[in-house]
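Have a look at the structure below, then the notes.
Throughout, numbering of the chain's residues begins at 1 and tracks the sequence. The analysis underlying the following values was restricted to heavy atoms, covering all of them including side chains, and did not include hydrogens, waters or symmetry mates.
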Amino acid sequence: MKVVLDGGALVNWMTSATHVAPQVPAGLDELAHGKPQRIARQWAGGKLSPAAIGRVAHGLVYGVFCSEWTPYEGQEQALKGGQEAFPSFPRSVQAQAPQLAFLRPDCDVWNVPAAAPSIRDVTRGDIPTLALSGSFDSQTGADNGPYVARTLSKAKVVTIPYQPHVVIATSKCAQEIAVSFFENPEAPKTACLKGLEPPEFEIAP
């Protein structure tokens, strides 16, 4: 199989590499020394390996993105955001959201109607809410927790150190906190955070 690693692919790999974060330093060092195999395997394997089948609910993803996002953000707005985030990257990379390189043409094919504009209103409320994040998550960054909690008066914000995207699936501590939140939304138990240790990062010799 031929895997093309251009600037866009590398941005996408970095965004999705939260689940293999300890390998990222070695992967980048190898790439800099002409050995792209590790990154190529991880990039292609996340999409094409048998283990990847069923990992993403594409219909749900496009149903949400194509009705709630793309109708309300034009191509120029997307490009401006890309230029601000990655000023040194080629325009072809800046114009695409990380991990969603073909979102707009895919949405043209999916062809769902735009959601009501109110879908983009700020959510406000006093319902007990747990905003749970992983500190290594570069897909839905940990700063999203405090951001959504600004207008939720009874929100509890918890960031699990050293954990990737979908923290509830990877962290026993996150699971314990979630269970305790349902038992007592006012005071979820977070003592397990104190015992967490960073992973051992793989450093090239």
Inset, instruction - Report the C-alpha distance between Leu196 and Cys192 in whole Å, list the side-chain angles of each, state the deciding distance to 0.1 Å, and finish with yes or no for side chain to side chain contact (heavy atoms under 4.5 Å, CB included). - result: CA-CA 7 Å; Leu196 300 179; Cys192 61; 5.8 Å; no

Inset, instruction - Begin from the C-alpha positions of Ile203 and Asp29 and carry the test side chain to side chain contact (heavy atoms under 4.5 Å, CB included) through to its verdict. - result: CA-CA 8 Å; Ile203 307 297; Asp29 185 77; over 6 Å; no

Legend entry - Worked check of salt bridge (charged side-chain N to carboxylate O under 4.0 Å, His left out) between Glu73 and Lys80: CA-CA 11 Å; Glu73 182 190 65; Lys80 182 179 179 182; over 6 Å; no

Legend entry - Derivation and outcome, side chain to side chain contact (heavy atoms under 4.5 Å, CB included), residues Val3 and Ile39: CA-CA 10 Å; Val3 179; Ile39 292 177; over 6 Å; no

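Open room surrounds CD1 on Ile127; 12 or fewer heavy atoms of other groups in view lie less than 6.0 Å from it. Counting non-hydrogen atoms of other residues, nucleotides and ligands closer than 6.0 Å to CD of Gln75 gives a total above 12.
To the nearest 0.5 Å, the span separating CZ on Phe89 from CD on Gln83 amounts to 13.0 Å. Rounding to the nearest 0.5 Å places CH2 of Trp43 at 9.0 Å from CG of Leu5. Put simply, CG on Asp137 and CD on Gln163 are 10.5 Å apart, with the number rounded to the nearest 0.5 Å.
Across Thr190, Val167, Thr170, a single residue satisfies side chain to side chain contact (heavy atoms under 4.5 Å, CB included) together with Ile160, and that is Val167.
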Please set out all donor-acceptor pairs under 3.5 angstrom arising from side-chain atoms of residues 175-187, sequence neighbours excluded.
| residue | atom | partner | partner atom | Å |
| --- | --- | --- | --- | --- |
| Gln175 | NE2 | Ile168 | O | 3.0 |
| Ser180 | OG | Glu176 | O | 3.4 |
| Ser180 | OG | Ile177 | O | 2.8 |
| Ser180 | OG | Lys189 | N | 2.8 |
| Asn184 | OD1 | Glu186 | N | 3.3 |

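Proximity of Thr129 to Lys156: side-chain heavy atoms (C-beta onward) are nowhere separated by under 4.5 Å. For the pair Thr70/Phe65, no side-chain contact is recorded, criterion being any heavy-atom separation below 4.5 Å from C-beta on. Put simply, the side chain of Val64 does not reach to within 4.5 Å of the side chain of Trp69, judged on heavy atoms. The shortest side-chain heavy-atom distance between Gln37 and Glu30 does not fall under the 4.5 Å cut-off. Side-chain contact between Trp110 and Val61: absent, with no pair of heavy atoms (C-beta onward) separated by less than 4.5 Å. By the 4.5 Å heavy-atom criterion applied to side chains, Pro22 and Glu202 are not counted as neighbours.
Here the side chain of Tyr62 pairs no donor or acceptor atom with the backbone of Asn111 at under 3.5 angstrom. Looking at Ser133, its side chain never comes within 3.5 Å of a backbone N or O of Thr159 through a donor-acceptor pair. In this structure, Thr151 contributes its side chain and Thr123 its backbone to a donor-acceptor pair below 3.5 Å. Side chain of Gln77 to main chain of Gly74: a donor-acceptor pair is present (N/O by atom type, distance under 3.5 Å, no hydrogens or angles). Listed for the Gln94 side chain is a donor-acceptor partner under 3.5 Å among the backbone atoms of Phe86.
Counting all heavy atoms, side chain and backbone alike, Ala21 lies closest to Phe201 at O-CE2, 3.4 Å. Gln139 and Thr15 get closest at one heavy-atom pair: CG-O, 3.3 Å. The nearest pair of heavy atoms linking Ser135 to Ala142 is CA-CB, 4.3 Å. Summarising the geometry of Val112 relative to Gly63, their closest heavy-atom pair is CG2-O, 4.4 Å, with the distance given to 0.1 Å. Across all their heavy atoms, Pro36 and Gly34 have their closest contact at CD-O, 3.3 Å.
Put simply, Leu31 and Trp13 are part of the same group of oily side chains (I, L, V, M, F, W, Y) that touch within less than 4.5 Å, one to the next.
The other members of the hydrophobic cluster of Val148, by chain and number, are Tyr147 (side-chain heavy atoms under 4.5 Å, ILVMFWY only).
Sorted by first then second residue, the salt bridge (charged side-chain N to carboxylate O under 4.0 Å, His left out) pairs that include residues 119-136, not counting sequence neighbours, number zero.
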